[in-house]
Amino acid sequence: MTDKGTKITLNSDGTLNVPNDPVIPFIGGDGIGPDIWAATVRVLDAAIERTYGGTKKISWIEIFAGEKGFEHTGSWLPNETLEAIKEHVVAIKGPLTTPVGKGFRSVNVAIRQQLDLYACVRPVCYIKGVPSPMKHPEKVNMVVFRENTEDVYAGIEWAKGTAEVERLLTFLKSDMGIAIRKDSGIGIKPISETGSKRLVASAIRYALEQGLQSVTLMHKGNIMKFTEGAFKQWGYEVAEEMFGDQTITEAALWDQYNGECPEGKVIIKDRIADMMFQQVLLRPDEYQIIATPNLNGDYISDALAAQVGGLGMAPGANIGDKCAVFEATHGTAPKYAGQDKVNPGSLILSGAMMLDYLGWHEGAKQIREAIRKTIADRVVTYDLARQIKGAKKVKCSEFASAIIERL
């Protein structure tokens, strides 16, 4: 895996210029990361070879973060890694360990923030045969657009009893007339017009590209009126400003069209966060794209993944204007490290998302179809095998081999 290919570049309009031999950096990850990456790269390479007959090929280069980053450079997130992602535009990564009590609050969050990968995109779609707690998991087919750089994940907080908190308590009481208990920790939740509008714009753009009918703004604006309430307001504003002839509000849909969406329009609607959790359980087929601030997006994407079988089969991407990083959405599961045991589905499906991002849609489709066939044949890793009657339990690497056989 060497840098023998050609680098992806950005065109002036922000679109990708993808050669037939792109160089793509990968971070293998910590814990189970090396196992699932080894499985994933085999599936990706096989799918590309079989789909394109040797006319396309990825040249992989390894870059370091997490434990390997610390071993090689003394940093959990080396600057060289960030520069490599910027230089090559597209990258893929396994799960990363976050150092406890020192360094970054989260290496994953740091990558998103430092590269301004503002849209966390998580498609959630049921694969027939995967065990689910739902009666009708096939009704779940949504894409979550989670704002990635703001909200409480900005990490602006101070511990109880510190000098910083004392200054804040004094300021809030004397200048703002707000009394807070003295034994409080304090955090700040920034949500900006810039961050909100670009996130919602990317969700609407995706809906238009994919021919989807609605974008739902998920917020807690009934309580947090000037952060999450503002997110909702700015979402409606950017829909009108940038996509006015291609979108319609839910209110206008009923007032002007009796609930029948005009052809070619995307419906923009909003739901309060706690209500949204009910809706994705009771009426999931009414929602296609959810655009939401950071914390809501974290919760709702994991809750949706649980409806279709868990994070083991949930892909994800972090996308900005200048680069993108595709990733497994689950953790490092260190107790299973090196055992060739766990489900590599999340990272493999994230790899399929990456192929779609490159414009290699046929290869992505091949991977998804092969995974469906493998699960339909009840050839699965332990996490699914223990829930599927008559399943053949296979290792992580064997699951990859089974997928390749069905390409």
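Values below: every heavy atom of this structure, side chains too, minus hydrogens, waters and symmetry copies.
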Results of side-chain contact (heavy atoms from CB on, under 4.5 Å) for [X] - residues two or more places apart only:
X: Q288; answer: L212, Q213, S214
X: P334; answer: T332
X: V124; answer: V140, L304, V308

* To do: For residues N108 and K93, report the shortest heavy-atom separation together with the two atoms involved.
  =>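 Closest heavy-atom pair between N108 and K93: OD1-NZ, 2.7 Å.
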* For H330 and S346, work out which heavy atoms get closest and say how close. =>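 That would be CD2-CB, 3.6 Å.
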* Asked: Given the side-chain rings of F231 and H219, with only the six-membered ring counted for Trp, is the space between their centroids under 6.0 Å?
  ->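 Ring centres of H219 and F231 not closer than 6.0 Å.
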* Taking the six-membered ring of F145 (Phe, Tyr or Trp), confirm whether the NZ or CZ of R122 is under 6.0 Å from its centre and within 45° of its axis. =>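 So R122 doesn't make the cation-pi contact.
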* Is it possible for you to check whether K68 lies under 6.0 Å from the centre of the six-membered ring of F64, through NZ or CZ, and within 45° of that ring's axis? =>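 Relative to the ring axis of F64, which defines the angle, K68 lies outside at least one limit.
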[X], [atom1]: over 12 other non-hydrogen atoms inside 6.0 angstrom:
X: E260; atom1: CD; answer: no
X: E240; atom1: CD; answer: no
X: K189; atom1: NZ; answer: yes
X: N79; atom1: CG; answer: no
X: Y299; atom1: OH; answer: no
X: K269; atom1: NZ; answer: yes
X: K197; atom1: NZ; answer: yes
X: R167; atom1: CZ; answer: no

Spacing of [X] atom [atom1] and [Y] atom [atom2] [to the nearest 0.5 Å]:
X: L77; Y: S75; atom1: CG; atom2: OG; result: 6.0 Å
X: C323; Y: I85; atom1: SG; atom2: CD1; result: 7.0 Å
X: I61; Y: I58; atom1: CD1; atom2: CD1; result: 12.0 Å
X: L172; Y: I178; atom1: CG; atom2: CD1; result: 5.5 Å
X: L407; Y: I367; atom1: CG; atom2: CD1; result: 7.0 Å

* Asked: Please walk me through it: do V379 and E398 pass side-chain contact (heavy atoms from CB on, under 4.5 Å)?
  -> CA-CA 9 Å; V379 179; E398 293 170 338; over 6 Å; no
Go through the structure and list residues passing side-chain hydrogen bond (donor to acceptor under 3.5 Å, both in side chains) with [X], not counting sequence neighbours.
X: R271; value: E250, Y287
X: T216; value: none
X: E405; value: none
X: D245; value: none

For [X], which residues count as a salt bridge (Lys or Arg N to Asp or Glu O under 4.0 Å) partner, sequence neighbours excluded?
X: D377; answer: R406
X: D270; answer: none
X: K341; answer: none
X: D383; answer: none

Between [X] and [Y], do the side chains contain an N or O donor and an N or O acceptor separated by less than 3.5 Å?
X: S350; Y: E327; answer: no
X: Y153; Y: D298; answer: yes
X: E362; Y: Q366; answer: no
X: R42; Y: S397; answer: no
X: N318; Y: N148; answer: yes

Using atom types as modelled and distance alone, determine if a side-chain donor or acceptor of [X] lies under 3.5 Å from a backbone N or O of [Y].
X: D30; Y: G66; result: no
X: T329; Y: A314; result: yes
X: D151; Y: P293; result: no

Thinking salt bridges, do [X] and [Y] make one under a 4.0 Å N-O criterion?
X: E369; Y: R372; value: yes
X: K220; Y: E228; value: no
X: E83; Y: K86; value: yes
X: E49; Y: K57; value: no

* Pick out which of I32, D35, T381 makes a side chain to side chain contact (heavy atoms under 4.5 Å, CB included) with P344. =>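 One option only clears the test, and that one is T381.
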* Positive for side chain to side chain contact (heavy atoms under 4.5 Å, CB included) with L347, one of V41, L44, V43, T40 ->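 Single pass found, and it is T40.
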* Derivation and outcome, side-chain contact (heavy atoms from CB on, under 4.5 Å), residues L358 and I8 -> CA-CA 9 Å; L358 299 179; I8 298 169; 3.7 Å; yes
* Test side-chain hydrogen bond (donor to acceptor under 3.5 Å, both in side chains) applied to E147 and T149, step by step -> CA-CA 6 Å; E147 203 290 320; T149 64; 2.7 Å; yes
* Please assess K7 against D21 for the test salt bridge (charged side-chain N to carboxylate O under 4.0 Å, His left out), listing each intermediate value before the final yes or no. => CA-CA 8 Å; K7 291 176 183 175; D21 59 342; over 6 Å; no
* Asked: Can you check side-chain hydrogen bond (donor to acceptor under 3.5 Å, both in side chains) on Y118 and D321, steps first, answer last?
  -> CA-CA 8 Å; Y118 59 84; D321 292 332; 2.7 Å; yes
* Would I186 and L169 count as a side-chain contact (heavy atoms from CB on, under 4.5 Å) if you check the C-alpha gap in whole Å, the side-chain angles of each, and the deciding distance to 0.1 Å? -> CA-CA 9 Å; I186 297 178; L169 290 172; 3.9 Å; yes
* Any side-chain hydrogen bond (donor to acceptor under 3.5 Å, both in side chains) involving residues 303-312? Give me the pairs, sequence neighbours left out, ordered by first then second residue. =>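 For residues 303-312, and leaving out neighbouring residues, there are no side-chain hydrogen bond (donor to acceptor under 3.5 Å, both in side chains) pairs at all.
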* To do: Under the side-chain contact (heavy atoms from CB on, under 4.5 Å) rule, what do C261 and L253 come out as? Steps first, then yes or no, please.
  => CA-CA 6 Å; C261 186; L253 177 72; 3.9 Å; yes
